[in-house]
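See below for the structure under consideration.
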Protein chains: 2
Amino acid sequence: MPLDKNHPLFEHLPLGRLMGKITKKYFGALSKKLDHLGIDRHFSPLIVIAETKEKCTQQYLSDMLNIDKVSMVRILDYLVKHGLIIRAVNPADRREHILQLTPKAKKIMPKILSGISDMNKTALKGLDKNEQALLYKFIETITKNVENLPGKKVDIKIKQ
Amino acid sequence: MPLDKNHPLFEHLPLGRLMGKITKKYFGALSKKLDHLGIDRHFSPLIVIAETKEKCTQQYLSDMLNIDKVSMVRILDYLVKHGLIIRAVNPADRREHILQLTPKAKKIMPKILSGISDMNKTALKGLDKNEQALLYKFIETITKNVENLPGKKVDIKIKQ
DNA sequence: TAAAATTAGTTATCAATGTTAACTGTTACT
DNA sequence: AGTAACAGTTAACATTGATAACTAATTTTA
């Protein structure tokens with residue numbers, strides 16, 4: 001049965017599903033595009049670290065990207081293993097690890113950024129500058145709307 | 001360190017990441033909201049099946065929702081196990097399974113649809129009707145833009 | 001029309017990620 | 001000083017995604 005792109009169910013699906021579909025395709029293509037840099041995922045943490053100079057902790061990354069801190073440990077292990085970041089204990093608060101890019105990461109960051117920029121351009125083809133700005137505004141609004149919804153995750157209890 | 005929502009890095013992140021964050025929060029909240037119906041995920045296939053009366057195959061579902069057919073088998077197993085759908089061999093092409101909603105599913109569909117509608121309303125709060133229509137138009141455009149990008153997935157070879 | 005290729009769906013395996021719990025070490029609160 | 005809270009880690013398990021190999025049915029093609 002052929003796929004009917006104009007089927008009316010498009011608007012009846014959960015908004016999250018529509019975005020999830022885009023997300024999956026987007027990262028599949030981005031991953032392939034940047035594979036040759038020796039890193040095929042976890043680009044976002046690098047960008048956050050780069051832009052949050054000298055102040056980026058793991059907790060901050062988790063909050064910014066909405067990735068739980070346990071998964072974040074594994075992601076950062078991956079980035080450390082690939083020689084892209086280092087963890088340094090914060091002298092001001094020895095619980096925290098300040099994350100920093102290695103020289104190797106700094107070297108390939110321009111390529112990563114331009115790869116992402118190209119992907120964004122591809123994804124947004126057909127939208128003019130005004131429409132693109134509007135889309136980002138919408139995304140920001142929606143992000144804030146869903147940010148504090150009660151989810152399924154339960155607070156972890158500390159047992160003494 | 002407090003989370004700065006107005007940090008400029010927002011626009012430097014991959015578009016897929018921004019949407020992925022929304023997706024995660026959205027489904028976390030939706031899952032909690034509809035938990036009492038005895039189904040906490042996989043709402044989208046039900047909607048596609050309901051709207052594609054008598055003609056919905058597994059392959060069609062995979063294409064519509066961009067979920068690979070192997071995962072789709074598991075998702076449909078879940079829905080069958082929960083008594084929400086049945087698989088019926090298509091007499092016209094005995095390779096295909098036509099998916100149908102059970103009476104139980106038909107009964108709770110209105111609640112699922114209104115739950116999704118409420119979630120969409122919550123997510124889109126602050127956007128007027130025009131803006132919402134514009135957002136859907138943008139999503140449709142972006143979906144088409146990324147649909148046929150070369151991803152990481154490789155065609156499965158058939159060994160004889 | 002018989003052989004070959006394709007299609008729909010399944011099972012198995014492994015990798016990546018999400019979730020929950022329990023833990024260490026550090027800092028803040030009272 | 002004792003308790004609570006916080007940042008990060010480890011472990012165990014569930015879910016999902018990717019790849020390969022397979023069966024059965026259908027279509028292509030030589």
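FYI, side chains are in, hydrogens and waters are out, and symmetry mates aren't considered; it's all heavy atoms of this structure. Note on naming: letters A, B, ... go to the chains in the order of the sequence lines (proteins, then strands), and numbering restarts at 1 for each one.
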Rounded to the nearest angstrom, tell me the gap between atom CZ in B/F27 and atom P in D/dT15. 17 Å
B/R94 side chain near D/dA25 phosphate (N/O to OP1/OP2, under 4.0 Å): yes
What's the OH-C1' distance between A/Y60 and D/dG8, to the nearest Å? 18 Å
Whether the B/S117 and B/N120 side chains hold a donor-acceptor pair (N or O, under 3.5 Å, no angle test) is what I'd like checked. no
Between C1' of D/dA7 and NZ of A/K55, the distance in whole Å: 19 Å
Distance, rounded to the nearest Å, where A/I86 contributes CD1 and D/dG8 contributes P: 15 Å
Would you mind reporting whether A/T52 and A/K55 have side-chain heavy atoms less than 4.5 Å apart? yes
Can you see if the side chain of B/Q58 gets near the phosphate of C/dT7 - specifically, an N or O under 4.0 Å from OP1 or OP2? no
With heavy-atom distances below 4.5 Å as the criterion, would you say the side chains of A/I116 and B/L15 are in contact? no
Provide the closest heavy-atom pair for A/K25 versus B/E147 in the form atom of the first, atom of the second, distance. NZ-O, 3.1 Å
Winner on side-chain proximity to A/R95, out of D/dC6, C/dT10, D/dT9, is D/dC6
Judged by nearest nucleotide, the residue sitting upstream toward the 5' end of DNA chain D, A/K24 or A/L76, is A/L76
Thinking salt bridges, do B/D77 and B/R87 make one under a 4.0 Å N-O criterion? yes
Are B/S71 and D/dT16 close enough that a side-chain N or O sits under 4.0 Å from OP1 or OP2? no
Side chains of B/L84 and B/L101, heavy atoms from C-beta outward: is any pair under 4.5 Å? no
Upstream residue (5' side of DNA chain C) when A/N90 and A/I75 are each assigned their closest nucleotide: A/I75
Options D/dG8, D/dT19, C/dG9, nucleotide nearest the side-chain atoms of B/D68: D/dT19
So does B/H42 get a side-chain nitrogen or oxygen closer than 4.0 Å to the phosphate oxygens (OP1/OP2) of D/dT16? yes
How many Å lie between CE on B/M72 and P on C/dA8, as a whole number? 14 Å
Between the protein and nucleotides 11-15 of chain C, which nitrogen or oxygen pairs come in under 3.5 angstrom?
none

Separation of A/D93 atom CG from C/dT24 atom C1', in whole Å? 15 Å
Rounding to a whole Å, what distance do you find between A/Q59:CD and D/dA5:P? 16 Å
So salt bridge (charged side-chain N to carboxylate O under 4.0 Å, His left out) across residues 124-133 of chain B, not counting sequence neighbours, yields A/K137-B/E131
What is the separation between atom NZ on B/K81 and atom C1' on D/dA14, rounded to the nearest whole Å? 12 Å
